[in-house]
Number of protein chains: 2
Amino acid sequence: MSATPPQLKARKLPVQARSAHTLTVIFDATVQVLLRDGYSRLTTTRVAERAGVSVGSLYQYFPNKEALLAAVMGRHLDHIGEAMEQACIAGKGQDTATMAAQLVDGFMDAKLDQVGLSRALYQLPMALGRDEQAAQTTERCARAIHNMLASRKASLEAQSMAVFVVTTCLIGPMQTLLTGHEPTPENVAALRVELKQLLLGYLQQLLGETKPQPHTVNDSQ
Amino acid sequence: MSATPPQLKARKLPVQARSAHTLTVIFDATVQVLLRDGYSRLTTTRVAERAGVSVGSLYQYFPNKEALLAAVMGRHLDHIGEAMEQACIAGKGQDTATMAAQLVDGFMDAKLDQVGLSRALYQLPMALGRDEQAAQTTERCARAIHNMLASRKASLEAQSMAVFVVTTCLIGPMQTLLTGHEPTPENVAALRVELKQLLLGYLQQLLGETKPQPHTVNDSQ
DNA sequence: TTAAAAGCTGAAGGATGCTTCATATTATGA
DNA sequence: TCATAATATGAAGCATCCTTCAGCTTTTAA
């Protein structure tokens, strides 16, 4: 199922405690370097240095730099996947509000108890300057959206997080769609419909068109 | 406002038609290389080659490779920003369904009339193999979610796009939050609340707890 | 105790790729 | 027409960095 390309497979599995430790420090160092220096300055030498091991050790467990990154990302993705599966099991058969809460908390918790790694991986593409641009565009869109919504409801100042959600909740679906196989017109059309439903429901709540749905805000942790 | 770091600024602006054309072909070539060969194989030499100009020409307009990427991404972001502002203007003062439709279509159209570029930029981080992993995790989460929802509603087979939206709509907000400044606990808590509202509303529709909201599905293009 | 296995080291090979600059070509406008 | 500015060229310098490997140290288990 998880068919990892051959060049990305681990070269050797640790058998002694010593090497398991080495593997751990290499992982940690990779994340640190990613966070402190960014992807473009992540070199095998630098990782090894930060980890306090020699480059040779690194290459004992990873056939190449790419495999190292793949492993780090794989770990994180597994963590997310695990968390979501648990959340869904916990939500199974429950009421809708609980399901929603499980999904949100499951995802956010999983991301947040690996904040450093999460940030590093998201920023992976955004070498300095580019993430700045992206942030500015988000700001710009948020302003425009706030402005539009203010035409219908004056007291939006306290709702900046809601505007933020409106601004960003379309990103994930589109990103995922576009990252996969070239999207078909049918998929695109279907996605349009669903996203409109998604936003419509949320905006109606936000603009006070529906009475607040009865649900307990389950503040886990 | 758009404070581009000095090393990323264009080195020289075209004054003759000839150089304007050169700039265009360089942009196009960059996108092509990004799509065909991926980020890791995007070299200035290769871009110049594909563009049919010399490397020197490239460096006449961009101080370095990073600036080239920044420019390409900047263009795309501007396009998105522009589109969203227009959408918001069009939606201003309209009914909620229209607003939702404007936002969705505005965003999707903007992304889609630069599909190639969109895909290239999203994949930028995901050198071969890593995007595969990500896709698998999405699949995994979608299955879990489908399973959970099926405990409440049997006929979900026809709703795969809805499940997809549930699976992915949390990504954007978290990604954006984490990519910016280190998130505060207050922001995190507020986001939890909002995302639960977002999902709750959508899930209620999906599970048939609310009568379908009256809204015209505005199929632009 | 000791041979074999596992793990570690880091200098150096080799490849790649960014960037420069001296030179050549083309365009402008007086 | 001609001087000047704009633009284009691409070989080569320079730096970086991935990766290997022969030898050394530590652990295992017999």
Side-chain angles (χ1 to χ4, degrees), chain A residues 5-30 33-34 36-72 124 127-130, chain B residues 5-30 33-34 36-72 124 127-130:
Chain A
Q7 318 100 314
L8 293 175
K9 265 190 302 191
R11 175 169 284 179
K12 169 195 289 190
L13 292 177
V15 300
Q16 301 178 2
R18 186 167 47 137
S19 63
H21 175 257
T22 301
L23 212 47
T24 303
V25 296
I26 290 177
F27 270 117
D28 293 349
T30 306
V33 170
L34 221 39
R36 300 164 77 103
D37 307 327
Y39 178 58
S40 60
R41 264 154 306 186
L42 181 139
T43 70
T44 50
T45 316
R46 194 167 301 194
V47 169
E49 215 167 64
R50 175 90 84 231
V53 302
S54 77
V55 233
S57 291
L58 193 159
Y59 278 90
Q60 205 129 41
Y61 301 102
F62 304 97
N64 51 51
K65 181 184 167 184
E66 197 54 34
L68 174 63
L69 268 304
V72 169
L124 205 144
L128 290 321
R130 293 213 294 284
Chain B
Q7 318 101 313
L8 292 175
K9 267 189 303 193
R11 177 168 281 178
K12 170 196 288 190
L13 291 177
V15 300
Q16 301 179 2
R18 185 167 47 138
S19 63
H21 175 257
T22 301
L23 213 45
T24 302
V25 296
I26 290 177
F27 270 117
D28 293 348
T30 306
V33 171
L34 222 38
R36 301 164 76 104
D37 306 328
Y39 178 58
S40 59
R41 265 154 305 186
L42 181 137
T43 70
T44 49
T45 317
R46 194 168 303 195
V47 169
E49 215 167 63
R50 176 90 83 232
V53 303
S54 77
V55 233
S57 290
L58 193 157
Y59 278 89
Q60 204 128 42
Y61 301 102
F62 304 97
N64 51 52
K65 182 185 166 184
E66 196 54 34
L68 174 63
L69 267 305
V72 169
L124 205 143
L128 290 321
R130 294 213 294 286

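Below, all heavy atoms of this structure are taken into account, side chains as well, without hydrogens, waters or symmetry copies. Every chain is numbered from 1 and lettered A, B, ... according to where its sequence line falls, protein lines coming before strand lines.
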Set out, line by line, the N/O atom pairs under 3.5 Å between protein and nucleotides 17-22 of chain D.
residue: dC18(D); atom: OP1; partner: K65(A); partner atom: NZ; Å: 3.1
residue: dC18(D); atom: OP2; partner: T44(A); partner atom: N; Å: 2.9
residue: dC18(D); atom: OP2; partner: T44(A); partner atom: OG1; Å: 2.8
residue: dT19(D); atom: OP2; partner: Y59(A); partner atom: OH; Å: 2.8
residue: dT19(D); atom: OP2; partner: K65(A); partner atom: N; Å: 2.9

- Return yes if some donor-acceptor pair links the side-chain N/O of S57(B) with the main-chain N/O of V53(B) below 3.5 Å, else return no. no
- Mind calculating the distance between CG (L69(B)) and C1' (dG17(C)) to the nearest angstrom? 14 Å
- For the pair made of NE2 in H21(B) and P in dT26(C), what is the distance, rounded to whole Å? 16 Å
- How long is the line joining OH of Y61(B) and C1' of dT9(D), in whole Å? 12 Å
- Message: Just the rounded figure in Å: distance from P of dT20(C) to CD of Q60(B).
- Response: 12 Å
- Message: When you measure from the side-chain N and O atoms of S54(A) to the phosphate of dG10(C), is any distance below 4.0 Å, counting only OP1 and OP2?
- Response: no
- Query: Hey, what do you get for OG1 (T30(A)) to CG (L69(A)), rounding to the nearest 0.5 Å?
  - Reply: 7.5 Å
- Query: What class does the angle between the rings of Y39(B) and Y39(A) fall in, given that below 30° is parallel, 30 to 60° is tilted and above 60° is perpendicular?
  - Reply: tilted
- Message: Could you walk me through whether V47(A) and L42(A) satisfy the side-chain contact (heavy atoms from CB on, under 4.5 Å) test, starting with their C-alpha distance in whole Å, then the side-chain angles of each, then the deciding distance to 0.1 Å, before giving a yes or no?
- Response: CA-CA 7 Å; V47(A) 169; L42(A) 181 139; 4.0 Å; yes
- Message: For the backbone of R46(A) and the side chain of T43(A), can you confirm whether one donor and one acceptor N or O come within less than 3.5 Å of each other?
- Response: yes
- Round to a whole Å and report the spacing from CD1 of I26(B) to C1' of dT9(D). 13 Å
- Item | Phosphate contact (dA6(D) OP1 or OP2) by S19(B) side-chain N/O below 4.0 Å | no
- Message: As a quick check of understanding, evaluate side-chain contact (heavy atoms from CB on, under 4.5 Å) for R41(B) and R36(B), giving each step before the final call.
- Response: CA-CA 9 Å; R41(B) 265 154 305 186; R36(B) 301 164 76 104; over 6 Å; no
- What distance separates F27(B) CZ from F62(B) CZ, expressed to the nearest 0.5 Å? 4.0 Å
- Query: Yes or no on side-chain contact (heavy atoms from CB on, under 4.5 Å) for R50(B) and D37(B), after CA distance, side-chain angles and deciding distance?
  - Reply: CA-CA 12 Å; R50(B) 176 90 83 232; D37(B) 306 328; 3.7 Å; yes
- Note on the structure: Letter by letter from the 5' end, nucleotides 23-30 of chain D scores (B base, S sugar-phosphate only, - none; protein heavy atoms under 4.0 Å) ---BS---
- Message: Base, sugar-phosphate or nothing for S57(A)? Non-hydrogen atoms, less than 4.0 Å.
- Response: base
- One should read off an interatomic distance between K65(A) NZ and S40(B) OG, to the nearest 0.5 angstrom, of 10.0 Å
- Item | Whole angstrom value for the distance that separates C1' of dT7(D) from CZ of F62(B) | 15 Å
